[in-house]
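These numbers come from a predicted model, not from an experiment.
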Amino acid sequence: MIPPAFTYKRATSVDEALSLAAEIGEDAKYLAGGHSLLPLMKLRFATPEALIDIARITELSYITDKGDHVAVGALTRHHDVAGSELLKNEIPLLAHTAGEIGDPQIRHRGTIGGSVAHGDSASDLPASLLVLEATFVIRGPQGTRSVPAAEFFKGIFETALEPGELLTEIQVPKPASPNAWSFQKFTKRAIDWAMVGVAVQDQKVALINMGPVPLRAAAVESALASGASAADAAARAAEGASASSDIHASAAYREHLARVLTARALTEAASRG
């Protein structure tokens, strides 16, 4: 399908992007890799009056060691996140997750900030950033603010970003046990969205596609804190979730997958850590 007509603007700096967004108003959308926004436009689920192309803002593409955390520019490509030696050593869960996204074409075009800002609960990176307790840095007309990952995802394709605001950086704390991680997902094909997925870091657990937003598996974490085995804790993976039924899977099957994948993830994380 062909998307509805729109005005195209190109920004080469964050300041220019924010200025264009303020000029256009609430009907403007930022465009980076385009893998999330353009399909929605073709289906008429999104009908922005104008697209502001921010893909050439080089100041937002970086991976920098900040001591207790790693700062990742919002326009850093998935391929660069996956290949970063810094992340492989300090935050391997994040590097691995980025390498599991789609296929090489998607990983060379898609950006970490675009994936986060899209707010899709079936996306891989938001769940991993949730268990890593990342912080998202946002710039807008009122200045700069920081939002913890736990407060960023609000609903279906809804985030803490206000009209005109731009996600500029993801700050990821270095885990206490970098190797105590696992990422598991179940897909029909390798390039598909996860039917269900699980991210684990230091006995923190997040679920993919088990509700309208990526969510922490609080019941699993509570069980682990009480000394439960991986199998017993994983049996509680669907508690507090709200899995949906669709053409790909029933809610009951997704709940089953959540329990199975959580057990695998906890076992693998324990063996690494």
Discussion item. Salt bridge check, Arg216 against Glu221: does any charged N sit closer than 4.0 Å to a carboxylate O?
Written reply: yes

Using atom types as modelled, flag every donor-acceptor pair under 3.5 Å from a side chain in residues 266-273 to any protein atom, sequence neighbours excluded.
{"from": "Thr267", "atom 1": "OG1", "to": "Ala263", "atom 2": "O", "distance (Å)": "2.8"}
{"from": "Glu268", "atom 1": "OE1", "to": "Ser182", "atom 2": "OG", "distance (Å)": "2.5"}
{"from": "Glu268", "atom 1": "OE1", "to": "Gln184", "atom 2": "NE2", "distance (Å)": "3.1"}
{"from": "Glu268", "atom 1": "OE1", "to": "Arg272", "atom 2": "NH1", "distance (Å)": "3.4"}
{"from": "Ser271", "atom 1": "OG", "to": "Glu268", "atom 2": "O", "distance (Å)": "2.7"}
{"from": "Arg272", "atom 1": "NH1", "to": "Trp181", "atom 2": "O", "distance (Å)": "2.9"}

Practice prompt. Determine whether Lys154 and Val213 make a side-chain contact, defined as any pair of heavy atoms from C-beta on separated by less than 4.5 Å.
Written response: no

Discussion item. Can you list everything that forms a side-chain hydrogen bond (donor to acceptor under 3.5 Å, both in side chains) with Ser229? Sequence neighbours excluded, please.
Written reply: Asp232

Worksheet, complete the sentence: ring pair (Phe, Tyr, Trp, His ring centres under 6.0 Å) filter on His248, not counting sequence neighbours, yields none

Response to the item:
Of all heavy-atom pairs linking Thr262 and Ala237, the shortest is OG1-CB, 3.5 Å

Worksheet entry | ring-ring contact (aromatic ring centres under 6.0 Å, His included) contacts in which one or both residues fall within residues 55-90, not counting sequence neighbours | His79-His108

Discussion item. Between Glu133 and Lys204, is there a side-chain heavy-atom distance shorter than 4.5 Å?
Written reply: yes

Worksheet item: For residues Ser115 and Ser123, is any side-chain donor paired with an opposing acceptor at under 3.5 Å?
Response: yes

Discussion item. Are there over 12 heavy-atom neighbours, none belonging to Ile156, within less than 6.0 Å of that residue's CD1?
Written reply: no

Fill in: Residue list, ring pair (Phe, Tyr, Trp, His ring centres under 6.0 Å) with Phe136, at least two apart or on another chain
Phe152

Discussion item. If we ignore hydrogens and angles and just use 3.5 Å, is the side chain of Ser245 paired with the main-chain N or O of Ala251 as donor and acceptor?
Written reply: yes

Discussion item. Count I, L, V, M, F, W, Y as connected when their side-chain heavy atoms are under 4.5 Å apart, and connections chain through other members. Are Val147 and Ile112 then in the same cluster?
Written reply: yes

Practice prompt. Please check if Ile91 and Val116 belong to a single hydrophobic cluster, counting links between Ile, Leu, Val, Met, Phe, Trp and Tyr side chain heavy atoms closer than 4.5 Å.
Written response: yes

Worksheet item: Do the side chains of Asn179 and Pro92 get nearer than 4.5 Å, heavy atoms only?
Response: yes

Worksheet item: Partners of Gln201 by side-chain hydrogen bond (donor to acceptor under 3.5 Å, both in side chains), sequence neighbours excluded?
Response: none

Worksheet item: Tell me, do Glu100 and Lys185 make a side-chain contact under 4.5 Å, heavy atoms counted?
Response: yes

Practice prompt. Could you note down all residue pairs passing salt bridge (Lys or Arg N to Asp or Glu O under 4.0 Å) where residues 72-86 supplies at least one of them, sequence neighbours left out?
Written response: Glu85-Lys88

Side-chain donor-acceptor pairs under 3.5 Å in residues 190-198, sequence neighbours left out?
{"from": "Asp192", "atom 1": "OD1", "to": "Arg189", "atom 2": "NE", "distance (Å)": "3.1"}
{"from": "Asp192", "atom 1": "OD1", "to": "Arg189", "atom 2": "NH2", "distance (Å)": "2.8"}
{"from": "Asp192", "atom 1": "OD2", "to": "Arg189", "atom 2": "N", "distance (Å)": "3.0"}
{"from": "Asp192", "atom 1": "OD2", "to": "Arg189", "atom 2": "NE", "distance (Å)": "3.2"}

Worksheet entry | Any residue meeting salt bridge (charged side-chain N to carboxylate O under 4.0 Å, His left out) with Arg236, in chain and number order, not counting sequence neighbours | Glu239

Worksheet entry | N/O donor-acceptor pair under 3.5 Å between Ser128 side chain and Leu94 backbone | no

Fill in: salt_bridge(Glu16, Arg56) N-O dist < 4.0 Å
no

Worksheet item: Under 4.5 Å between side-chain heavy atoms, hopping through other hydrophobics if needed: is there a path connecting Val131 to Leu224?
Response: no

Fill in: Side chain to side chain, Asp65 and Lys174, heavy atoms closer than 4.5 Å
yes

Worksheet item: With sequence neighbours left out, what residues match Glu26 under side chain to side chain contact (heavy atoms under 4.5 Å, CB included)?
Response: Pro163

Fill in: His118: partners by ring pair (Phe, Tyr, Trp, His ring centres under 6.0 Å), with sequence neighbours left out
Phe157

Worksheet entry | Presence of salt bridge, Lys9 and Glu23, under 4.0 angstrom | no

Worksheet item: So, does Arg254 use its side chain to make a donor-acceptor pair with the main chain of Met210 at under 3.5 Å?
Response: no

Fill in: Cluster link Leu129 to Leu161, ILVMFWY, side chain under 4.5 Å
yes

Worksheet item: When clusters are formed from ILVMFWY side-chain contacts under 4.5 Å, directly or step by step, what else is grouped with Leu75?
Response: Val14, Leu18, Leu20, Ile24, Tyr30, Ile52, Ile54, Ile57, Leu60, Leu166

Worksheet entry | Within-4.5 Å side-chain heavy-atom neighbours: Phe186 and Val260 | no

Discussion item. Counting C-beta onward and ignoring hydrogens, is there a side-chain heavy-atom pair between Asp27 and Pro48 closer than 4.5 Å?
Written reply: no

Item to complete: Consider only side-chain heavy atoms of I, L, V, M, F, W and Y, link residues closer than 4.5 Å, and tell whether Ile208 and Leu130 are in one cluster.
Response: no

Item to complete: Verify, without hydrogens or angle tests, whether Glu151 (side chain) and Pro148 (backbone) share a donor-acceptor contact under 3.5 angstrom.
Response: no

